[in-house]
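Contents: one structure, followed by commentary.
Both backbone and side-chain heavy atoms feed into the values below; hydrogens, waters and symmetry mates do not. Model, not experiment: these values are computed from the prediction.
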Amino acid sequence: MKTTFGTHTIEISPLGDDYIAVMDGKRILVEIVRVDAGQGRMDLRFTELSESDPVRESVSKSVYVSSDMAKRWVTINGHTTMLTKTSGAKQGVRHDHAGGLIAPMPGQVRSVAVGVGDIVKKGQTLLTMEAMKMEIRIQALKDGKVKTLHVSQGQTVEREQILIEMED
């Protein structure tokens, strides 16, 4: 996913449970240390990956994220910036964001196959959406438990709206 944060363009790619961010030609490993969805807080560890420097120092930051389901604002060190996608192209089948599964495009929820508290397996279909005459299956990205359902059958959703929150 390519996104703009302030004046910087960042390319973010999943790497297991972590992410690789490329900004200004630098590759940075972004590890999610802790998520407090109730407070909108994520504790992250940033480590610059350099071929020439084997010593890797990490910087930990608390990041606050808020959303109105259409836009996201990120606050780091007291500075808030709106996070915007610069590319609408979908990268793979990942529809996750900070522990929540999100809608890849506007559409309508056709069926919900799980409930709060259900234990799910990686790859299990959690809900089905219809968008642009296509069926989209939102699947669990890893084994876990359904923490919160934000949608119900027949509901219309916007792109990047949080559908389901998961926990380990």
Side-chain angles (χ1 to χ4, degrees), residues 1-5 10-21 28-46 60-76 80-85 87-132 134-168:
M1 172 177 78
K2 192 177 273 191
T3 188
T4 301
F5 186 78
I10 305 169
E11 181 79 33
I12 301 171
S13 304
L15 179 68
D17 289 336
D18 302 320
Y19 295 87
I20 295 289
I28 301 165
L29 174 65
V30 181
E31 299 169 272
I32 300 173
V33 177
R34 186 173 77 98
V35 175
D36 182 349
Q39 297 292 320
R41 175 182 167 169
M42 294 179 13
D43 294 333
L44 305 176
R45 183 174 24 250
F46 301 91
S60 295
K61 298 278 184 187
S62 290
V63 178
Y64 294 86
V65 180
S66 57
S67 172
D68 66 359
M69 299 301 181
K71 299 175 187 161
R72 286 193 178 83
W73 292 269
V74 177
T75 303
I76 301 175
T80 302
T81 302
M82 187 168 71
L83 192 66
T84 56
K85 269 191 174 179
S87 170
K90 185 170 69 171
Q91 298 290 321
V93 293
R94 288 187 70 99
H95 305 300
D96 65 325
H97 174 74
L101 294 159
I102 61 172
M105 62 180 64
Q108 186 176 46
V109 176
R110 288 296 180 196
S111 66
V112 179
V114 295
V116 173
D118 286 359
I119 304 296
V120 299
K121 296 286 185 191
K122 179 179 180 177
Q124 180 179 339
T125 298
L126 308 178
L127 66 83
T128 305
M129 291 179 51
E130 181 180 309
M132 299 174 55
M134 295 184 300
E135 180 180 274
I136 300 169
R137 294 182 186 153
I138 304 299
Q139 299 175 323
L141 299 174
K142 60 183 179 178
D143 293 352
K145 182 178 176 182
V146 177
K147 180 179 178 183
T148 311
L149 277 173
H150 291 281
V151 295
S152 58
Q153 183 175 348
Q155 183 176 342
T156 301
V157 296
E158 296 298 321
R159 179 176 166 216
E160 296 188 356
Q161 180 175 334
I162 297 175
L163 305 170
I164 297 175
E165 286 184 60
M166 302 291 297
E167 61 187 359
D168 292 331

Please report the shortest heavy-atom distance between Ala113 and Thr125, naming the atom on each side. CB-O, 3.7 Å
Can you measure from CG (Leu44) to CD1 (Ile32) and round to the nearest 0.5 angstrom? 6.5 Å
Could you go through the side-chain contact (heavy atoms from CB on, under 4.5 Å) check for Leu163 and His150 one step at a time? CA-CA 5 Å; Leu163 305 170; His150 291 281; 5.8 Å; no
All heavy atoms of Gly107 vs all of Ala131, minimum pair found to be CA-CB, 4.1 Å
Go through it in stages, so that I can follow the logic: the residues are Met166 and Leu141, the test is side-chain contact (heavy atoms from CB on, under 4.5 Å), and I'd like the CA-CA distance, side-chain angles, deciding distance and then a yes or no. CA-CA 10 Å; Met166 302 291 297; Leu141 299 174; over 6 Å; no
Please walk me through it: do Ile164 and Ile138 pass side-chain contact (heavy atoms from CB on, under 4.5 Å)? CA-CA 9 Å; Ile164 297 175; Ile138 304 299; 5.5 Å; no
Can you name the nearest heavy-atom pair linking Ala103 to Val157, along with the distance? CB-CG2, 4.0 Å
CD of Gln124 to CG of Asp143, rounded to nearest 0.5 Å, is 9.5 Å
Distance col, row Thr148:OG1 vs Glu165:CD, nearest 0.5 angstrom, shows 4.5 Å
Between Val112 and Val151, what is the shortest heavy-atom contact and its length? CG2-O, 4.4 Å
Over all atoms of both residues, closest heavy-atom pair of Ala21 and Ile10: CB-CG2, 3.9 Å
Between Gln108 and Gly154, is there a donor-acceptor pair closer than 3.5 Å when you use the side chain of the first and the backbone of the second? yes
Side chain to side chain donor-acceptor pair (under 3.5 Å) partners for Thr80, two or more places apart: Thr75
Counting only heavy atoms not in Met132, do more than 12 fall under 6.0 Å of its CE? no
Closest heavy-atom pair, Asp43 versus Ser62, reported as atoms and distance to 0.1 Å, is OD1-OG, 2.8 Å
Nearest-0.5 Å distance, CZ of residue Arg34 to CZ of residue Arg45: 13.0 Å
Run the numbers on Gln153 and Leu127 for side-chain contact (heavy atoms from CB on, under 4.5 Å), then give the verdict. CA-CA 9 Å; Gln153 183 175 348; Leu127 66 83; over 6 Å; no
Rounded to the nearest 0.5 Å, the CD atom of Gln139 sits from the CG atom of Leu126 at a distance of 8.0 Å
CD-OG distance between Glu31 and Ser60, expressed to the nearest 0.5 angstrom: 8.5 Å
Do Arg110 and Thr128 pair up side chain to side chain, a donor and an acceptor below 3.5 Å, judged on atom types alone? no
